[in-house]
Structure formats: C-alpha cells, structure tokens
2 protein chains.
Amino acid sequence: MNLDRLSELRKKKNWSLQDTADRLGIAKSTYAGYESGYRRPSFEALIMLADLFGTSCDDLLGRHFDKQMELTERGSTKLTVDQRELTEKEISGAVAFIRVTRQMEEEQVL
Amino acid sequence: MNLDRLSELRKKKNWSLQDTADRLGIAKSTYAGYESGYRRPSFEALIMLADLFGTSCDDLLGRHFDKQMELTERGSTKLTVDQRELTEKEISGAVAFIRVTRQMEEEQVL
DNA sequence: TTTAAAGTACGCAATTAGCGAATTACATTT
DNA sequence: AAATGTAATTCGCTAATTGCGTACTTTAAA
C-alpha cells in the first residue's frame, strides 16, 4: 500500500519535495516519507494530496475499481462530449434516445 | 473527518457490528470505533471497507469532488440506463445524437 | 572546488490503532 | 415482569505509527 503515484504526479508538475511540502503546509521530510513509502499520510493529508494533484484518493491508494453509474443519477460527475459539458436536456434526450434504440432492437427481434 | 456513511451503509445491508467486523476480519470494537469516529481505519482497512460496501474511498472519506468525464473515454466507469449497462454501440449512438442535437440547436439560432 | 538545492534516512516525542473486556441498551421469550 | 441473549458502546493497555527536526548524501551549477 504505497502511494506510488505521488512521485510521478509531482514530477509531472516539476515540483521539488520542498515545493510540494510547502504547498501542503507540512515538512519536507514528511512529504518525502509519503513518496518513499517510509511514512503514510493521515486522511487529512491524503485528501490534501488528492486535492493538490487533482485526483482521487482511490487513485492515490492504487485502487481502480469499476464504478457503475446510472446516467440520470450522475451525482457530481460531469459528462462531456467534445470537451463540452452536457446539459440536463441533452442528457435526458440521450436517455430517451437509448430507450428508443433498445425498444427498436427488441421489436426487430420479435 | 469521520466516516459518517459507514453506519448508513451497514444498516442498509442489515448487518450487525459483529457481522461486519467478521466480514472484515477485525474485532467488533475496532469496527465500532470506525463508525463512532473514535478510531479510524488504516488504509488497508479503508480499502476493505470500500470493497465490502461497494463504494469508493473518496465516498467513505466524505470527499465528493467534481469529476469530469468525456463520454467516449469512460475508463473503468460503466454507464447504465434503467439499470442496464450501455453497450459501446449505444454510447456512440448517444454521442452522435448529442452532436446532432447541438448542431440543430446552433442552426436554429442562426 | 565551493556552494546551494534536492533528495534520503533516522531518532525522538507524541499520538493512535487494534484488541479484549466490561458495561449498557435493546429485544424476545417465558 | 424477570430472564435471556444479542447488539452496541466505551475504555485501558500495548504496540505501532506519525510528523518533525536534524543530519547525511547526492546532484548541479558557478
């Protein structure tokens, strides 16, 4: 359970250990400990890390679980097409489209 | 930073503290500590909890960060409509539908 | 070669997790 | 109502862990 991605994420930003620690408001040695696997962050620190690097705690913890998401109950996830966020109207339209598609698919079989 | 959702998730499954602890392979008092906020799980335990309850670590940690997701690059997230998983064909159909919708919207304005 | 910054490692003090055991709350049966 | 069994809560103890400062090593630049 090492936070293997930290080093990669930090280097992608071109930050030193000190830079990163400063941004988090913790000691350099503390942050360095996270990267090396010598120490692990508290939950608070983990969340700060996820915020700082713009990723999820699951990602930092190396947990990539398959998530299922009902299109009409997306919670806080924003969907995009061509980098443009979908409006509620577009989503309900797409859902209707899917239902019709399925309906036609079934009728064709009968 | 309490794991407030645990109690809710456990009760939804109709499990006792003992049941849940057994499933996790930890002591009842340990699990009870998580729920009450008296103790917190290790990362390993947090992941076991997320696995057991079928949710994310972020969710358990009360971190609901807005995520953006391009429809054609969902990664490991499975989308559903009426509880039924979308096929690739349905997704590309929906994307096409969205694009057409937008196109028509624009033309109408002009 | 000197200097400064980056990265690594570790001792110490303080906090904390995990467990068992004891206690309290709740429900069901007699 | 009393008794019984299960569920939930709390806490002392021990072992383990965190976070920091400090020191050491490595790298890079002047």
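First the proteins, then the strands, lettered A, B, ... as listed; each starts at 1. Because the structure is a prediction, the values reported are computed rather than measured.
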Exercise for review: Check side chain to side chain donor-acceptor pair (under 3.5 Å) between B/E73 and all other residues, then give those that pass, not counting sequence neighbours.
Suggested key: none
Exercise for review: Please report how far the helix from C/dT1-D/dA30 to C/dT30-D/dA1 bends, comparing the axis fitted to its first five pairs with the axis fitted to its last five, to the nearest 10 degrees.
Suggested key: 30°
Review point. Do A/C57 and B/R63 pass the side chain to side chain contact (heavy atoms under 4.5 Å, CB included) test, and can you show the C-alpha distance, the side-chain angles, and the key distance before you say yes or no?
Key: CA-CA 9 Å; A/C57 296; B/R63 182 168 181 268; 3.9 Å; yes
Every protein N/O lying under 3.5 Å from an N/O of nucleotides 20-24 of chain C:
residue: C/dG20; atom: N7; partner: B/S29; partner atom: OG; Å: 3.1
residue: C/dG20; atom: O6; partner: B/S29; partner atom: OG; Å: 2.9

Review point. What heavy-atom pair brings B/A94 and A/A94 nearest, and what distance separates the two atoms?
Key: CB-CB, 4.4 Å
Review point. Can you name the salt bridge (Lys or Arg N to Asp or Glu O under 4.0 Å) partners of A/D4, sequence neighbours left out?
Key: none
Review point. Charged N to carboxylate O under 4.0 angstrom, B/D19 versus B/K13?
Key: no
Exercise for review: Within residues 11-21 of chain A, find the residues that approach DNA chain C with a heavy atom at under 4.0 Å, and present them sorted by residue number.
Suggested key: A/S16, A/L17
Exercise for review: Please name all residues satisfying side chain to side chain donor-acceptor pair (under 3.5 Å) with B/Y31, sequence neighbours left out, ordered by chain then number.
Suggested key: B/E35
Revision key, fill the gap. B/E44 atom CD is separated from C/dA17 atom P, nearest whole Å, by 14 Å
Could I get a table of every N or O pair under 3.5 Å where one atom is in the protein and the other is in nucleotides 3-6 of chain D?
none

Practice item. For the pair A/R23 (side chain) and A/T20 (backbone), establish whether a donor and an acceptor sit closer than 3.5 Å, ignoring hydrogens and angles. Key: no
Exercise for review: Figure out the OH/C1' separation between A/Y31 and C/dA6, and round it to whole Å.
Suggested key: 13 Å
Check your understanding: Mind checking what makes side chain to side chain donor-acceptor pair (under 3.5 Å) contact with A/K12, not counting sequence neighbours?
Key -> none
Revision key, fill the gap. Residues passing the salt bridge (Lys or Arg N to Asp or Glu O under 4.0 Å) test with B/E85, sequence neighbours excluded, are none
Practice item. Search all heavy atoms of A/L79 against all heavy atoms of A/M69 and return the closest pair with its distance. Key: CD2-CE, 4.2 Å
Review point. Partners of B/T72 by side chain to side chain donor-acceptor pair (under 3.5 Å), sequence neighbours excluded?
Key: none
With 3.5 Å as the limit, what N/O pairs link the protein to nucleotides 12-18 of chain D?
residue: D/dT18; atom: OP1; partner: A/R40; partner atom: N; Å: 3.2

Review point. Under 3.5 Å, is there a donor-acceptor pair between the side chain of B/E90 and the main chain of B/T87?
Key: yes
**Study point:** Value in whole Å for how far the P atom of C/dA5 lies from CG of A/D22
**Key:** 13 Å
**Study point:** ring pair (Phe, Tyr, Trp, His ring centres under 6.0 Å) partners of residues 49-105 of chain A, not counting sequence neighbours, each pair once
**Key:** A/W15-A/F53, A/F97-B/F97
Check your understanding: Salt-bridged, B/E70 to A/K78, with N to O below 4.0 Å?
Key -> no
Check your understanding: Can a salt bridge be assigned to the pair B/E105 and A/K89 using a cut-off of 4.0 Å between side-chain N and carboxylate O?
Key -> no
